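Predicted model only: the values in this text are computed from it and were never measured.
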Amino acid sequence: MVSERLPERDRPWVMRTYAGHSSAAASNALFRRNLAKGQTGLSVAFDLPTQTGYDPDAELARGEVGRVGVPIAHLGDMRTLFDGIDLGRANTSMTINATAMWLLALYVTCAREHDVPIGSLAGTTQNDIVKEYLSRGTHIFPPGPSLRLTTDTIAWTVANCPKWNPVNICSYHLQEAGATPVQEVAFALATAIAVLDAVRDSGQVPAERFADVVARISFFVNASVRFVEETAKMRAFTALWSSITESRYGVTDPAARRFRYGVQVNSLGLTEAQPENNVQRIVLEMLGVTLSRGARARAVQLPAWNEALGLPRPWDQQWSLRMQQVLAFESDLLEYPDLFEGSHVMAALVDEIVTGATAELDRVLEMGGVVAAVESGYLKSALVASLAERRARMERGDDVVVGVNRFTETEPSPLMAAGAAAIEQIDPAVEAAAVAAFAEWRASRGDASAALEALRAAASGETNLMEATLECVRAGVTTGEWAGTLRSVFGEYRAPTGLSASVSPPTAGGHLERVRERVRQTADELGSGRLRMLVGKPGLDGHSNGAEQIAVRARDAGFEVVYQGIRLTPAQIVAAAVEEDVDLVGLSVLSGSHLAAVASVLSGLRAEGLSDVPVVVGGIIPPDDAEVLRESGVARVFTPKDFAITDVVNELVTVVREAHNLS
């Protein structure tokens with residue numbers, strides 16, 4: 001029997017690395033080096049102030065500027081970011097959501113300044129605000145106005161930038177927040193339906209062009225190390241999307257109904273312990289989205305082996321790029337038809353996911369759709385509960401994580417011999433330089449009030465906001481001013497935390513019950529009734545999964561937990577500690593701003609006479625920074641290696657007892 005090969009080898013997917021930090025100039029240099037190494041697309045990481053609509057000099061931006069991405073405050077920054085890069089030939093993905101319209105307008109204006117026809121621009125704005133309410137936390141406005149911004153962007157791009165993907169329905173962060181494959185597929189498709197319904201109902205796109213809207217909807221997915229299941233998930237996604245777009249929206253062109261997606265494989269599954277194991281994890285995860293030709297990713301970006309430790313260096317990103325290139329160019333993967341056609345094992349697994357996701361999708365639609373399910377707290381509670389169950393399986397050892405809960409014996413790693421040098425370090429002077437440059441831009445740009453007033457008027461009515469946004473770009477308006485103007489019209493939104501309906505799954509050995517007894521005993525000895533813990537998220541870091549899991553487990557252990565959600569200033573956290581008379585303050589910071597944020601909270605507590613209230617910190621914190629925090633007065637520092645949550649809560653009880661000199 002002769003093996004079946006394709007007449008021509010398939011073209012590889014677009015290869016990206018997720019990059020950007022410090023400044024527009026530094027990020028531009030990084031982009032150009034990566035492109036020279038064979039990267040075929042750009043994936044821009046923006047810093048948290050840019051993502052949440054703040055300028056570098058804003059109070060909430062302190063310590064966050066340039067940390068997890070590049071700061072873009074105005075047109076001048078965007079010009080620098082893409083200096084020397086041909087936007088007419090580039091394929092640029094921008095991970096930006098609440099401010100997606102603004103960043104696209106900056107990009108379009110840069111292209112026009114270089115006489116690049118905007119109809120030729122190719123790339124993606126993520127622009128999926130729903131998952132921000134559920135997992136990533138960079139939302140600004142309430143769901144209704146946020147969906148309007150997405151709708152206006154889609155309508156404008158269909159008419160003006162037909163090669164651009166104006167929205168990237170993002171299930172990636174849903175999986176990180178705890179979603180099972182069934183939930184990931186169902187919740188992402190519910191979001192896509194909400195977006196398509198909003199565009200259709202807005203009347204901005206003629207009915208005969210609605211297939212063009214469907215054809216430009218892209219997805220951004222996650223792939224875990226369970227690569228067989230992930231392959232089935234992607235085949236299920238493909239089948240359901242084709243069915244929904246035909247039956248619900250009447251799109252008959254199979255090409256328009258194609259499930260188009262990019263992927264970053266699972267950063268959540270990377271470990272701080274034995275981080276060299278992350279290399280093989282990343283390779284296996286990549287297979288889940290490349291093996292099946294009929295459901296293969298259109299673009300792939302891989303994390304670096306050391307992302308559980310901090311910001312990867314250029315060499316680490318190069319290593320991840322080379323993984324893609326070896327698979328695409330050295331292996332024979334692209335020479336064959338779909339490897340899973342005719343597999344009864346794969347067919348059964350796909351059917352199982354399709355059946356479960358259809359039932360879950362129907363449940364969400366019966367609630368009134370994804371927005372209603374967000375506002376009711378249903379989706380967030382479901383994700384928090386799923387993540388709690390996943391963490392419990394890991395704690396029990398049912399889910400094996402090599403180097404973490406099994407096979408923990410290890411030799412010293414030569415990759416880690418350099419200590420803090422094993423990750424990219426951001427110079428604190430970067431923020432001061434950004435603030436100074438921003439002040440210079442504001443002083444030299446001229447009067448932008450007319451453009452901002454036009455934006456306000458458009459937002460108050462029903463006009464598409466893209467043209468007013470483009471005028472703001474040309475007038476030199478800043479990111480914070482654009483977002484601030486829309487805040488004044490739309491208001492801000494604090495999403496449900498999902499804690500109220502969540503309960504920790506039972507853990508083996510009654511360990512949680514023993515911790516409950518310690519909590520009760522300590523409260524009795526202090527005469528306080530119940531121990532009270534404040535869980536705080538200072539700054540703009542919206543990755544709240546870890547904080548929520550600690551809050552759930554601490555509550556179930558008997559603590560009274562005060563958790564007000566994400567995006568709080570240090571002053572607000574201190575005020576809550578005073579008002580709630582807490583016994584312990586726990587701070588969660590994953591953006592790298594821990595030194596500045598924690599120092600501000602500590603000084604605030606001391607100013608209020610609460611220096612005796614212990615403070616613990618959790619996050620992605622390098623060892624040298626952890627030592628600095630401990631020397632400054634932090635009682636404990638927890639990092640991703642502290643995976644056993646009940647043990648962490650037990651240690652919190654010990655911290656309270658130590659603070660009160662209880663034996």
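- Thr109 has its side chain within reach of Leu75: a pair of non-hydrogen atoms, C-beta onward, lies under 4.5 Å apart.
- Minimum heavy-atom separation, Thr124 to Trp164: N-CZ2, 3.5 Å.
- By the 4.0 Å N-to-carboxylate-O rule, Asp541 lies close enough to Lys537 to be salt-bridged with it.
- Ring centroids of Phe220 and Tyr261 are separated by 6.0 Å or more, keeping the two rings apart.
- Ring orientation note: the planes of Phe31 and Phe82 are tilted relative to one another, at an angle of 30° to 60°.
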**Study point:** Worked verdict on Leu30 versus His21 for side-chain contact (heavy atoms from CB on, under 4.5 Å)
**Key:** CA-CA 9 Å; Leu30 181 59; His21 62 74; 4.2 Å; yes
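- The two atoms that bring Ser320 and Pro303 nearest to each other are OG-O, 2.6 Å, heavy atoms only.
- Between the side chain of Glu64 and the backbone N or O of Leu540, at least one donor-acceptor pair lies under 3.5 Å.
- The 12-atom threshold is not exceeded at CD of Glu440, counting heavy atoms of other residues, nucleotides or ligands nearer than 6.0 Å.
- When only modelled atom types and interatomic distance are considered, Tyr133 and Ser146 share a side-chain donor-acceptor pair under 3.5 Å.
- Heavy atoms of other residues, nucleotides or ligands lying less than 6.0 angstrom from CZ of Arg260 number more than 12.
- To the nearest 0.5 Å, the span separating OG1 on Thr479 from CZ on Phe46 amounts to 9.5 Å.
- In this structure, Phe219 and Trp241 have perpendicular ring planes: the angle between them is above 60°, well past the 30° mark.
- Tested against His139 for a side chain to side chain contact (heavy atoms under 4.5 Å, CB included), the candidates Glu132, Lys131, Glu492 yield a single pass: Glu132.
- With 3.5 Å as the limit, one finds no donor-acceptor pair spanning the side chains of Trp13 and Thr40.
- Ring-plane geometry between His74 and Phe438 is classed as parallel, the angle between the planes falling under 30 degrees on a 0 to 90 degree scale with a further cut at 60.
- By the 4.5 Å heavy-atom criterion applied to side chains, His594 and Pro622 are counted as neighbours.
- For the side chain to side chain contact (heavy atoms under 4.5 Å, CB included) criterion with Met234, the lone passing option out of Thr290, Val289, Val263 is Val289.
- With hydrogens and angles left out, the side-chain atoms of Thr478 and Arg445 include no donor and acceptor closer than 3.5 Å.
- Looking at heavy atoms from C-beta onward, Asn168 lies out of side-chain contact with Cys170 at the 4.5 angstrom threshold.
- For Ser267, the side chain to side chain donor-acceptor pair (under 3.5 Å) partners at least two apart in sequence or on another chain are Tyr172, Gln264.
- Side-chain contact between Arg136 and Asn97 is present, with at least one heavy-atom pair separated by less than 4.5 Å.
- The minimum heavy-atom distance linking Met323 with Leu302 is given by the pair CB-CD1, 3.9 Å.
- Here the side chains of Asp152 and Met101 are in contact, with some heavy-atom distance below 4.5 Å.
- Enclosure of atom CD in Glu113 by more than 12 non-hydrogen atoms of other residues, nucleotides or ligands within 6.0 angstrom is indicated.
- A salt bridge links Glu481 with Arg442: the closest approach of a Lys/Arg side-chain nitrogen to an acidic carboxylate oxygen falls below 4.0 angstrom.
- By the salt bridge (Lys or Arg N to Asp or Glu O under 4.0 Å) test, Asp77 is found to be paired with no residue, residues two or more places apart in sequence or in another chain being considered.
- Side-chain contact between Ile72 and Trp102 is absent, with no heavy atoms from C-beta onward closer than 4.5 Å.
- You'll find the side chain of Leu106 reaches within 4.5 Å of the side chain of Leu103, heavy atoms only.
- Sparse packing is recorded around CD of Glu59, with 12 or fewer heavy atoms of other residues, nucleotides or ligands lying under 6.0 Å away.
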Exercise for review: Please lay out, stage by stage, how Arg216 and Asp212 fare under the test salt bridge (charged side-chain N to carboxylate O under 4.0 Å, His left out).
Suggested key: CA-CA 6 Å; Arg216 300 321 300 176; Asp212 295 337; over 6 Å; no
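- A donor-acceptor pair under 3.5 Å is formed between the side chain of Ser23 and the backbone N or O of Ala26.
- Note that the OG atom of Ser588 and the CD atom of Glu548 stand 9.0 Å from one another [nearest 0.5 Å].
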Check your understanding: What's the verdict on ring-ring contact (aromatic ring centres under 6.0 Å, His included) for Phe141 and Tyr493, showing C-alpha distance, side-chain angles and the deciding distance?
Key -> CA-CA 5 Å; Phe141 314 113; Tyr493 186 71; over 10 Å; no
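- In this structure, the side chain of Asn464 engages the main chain of Met466 through a donor-acceptor pair within 3.5 Å.
- Arg148 contributes atom CZ, which lies 15.0 Å from atom CD1 of Ile129 (distance to the nearest 0.5 angstrom).
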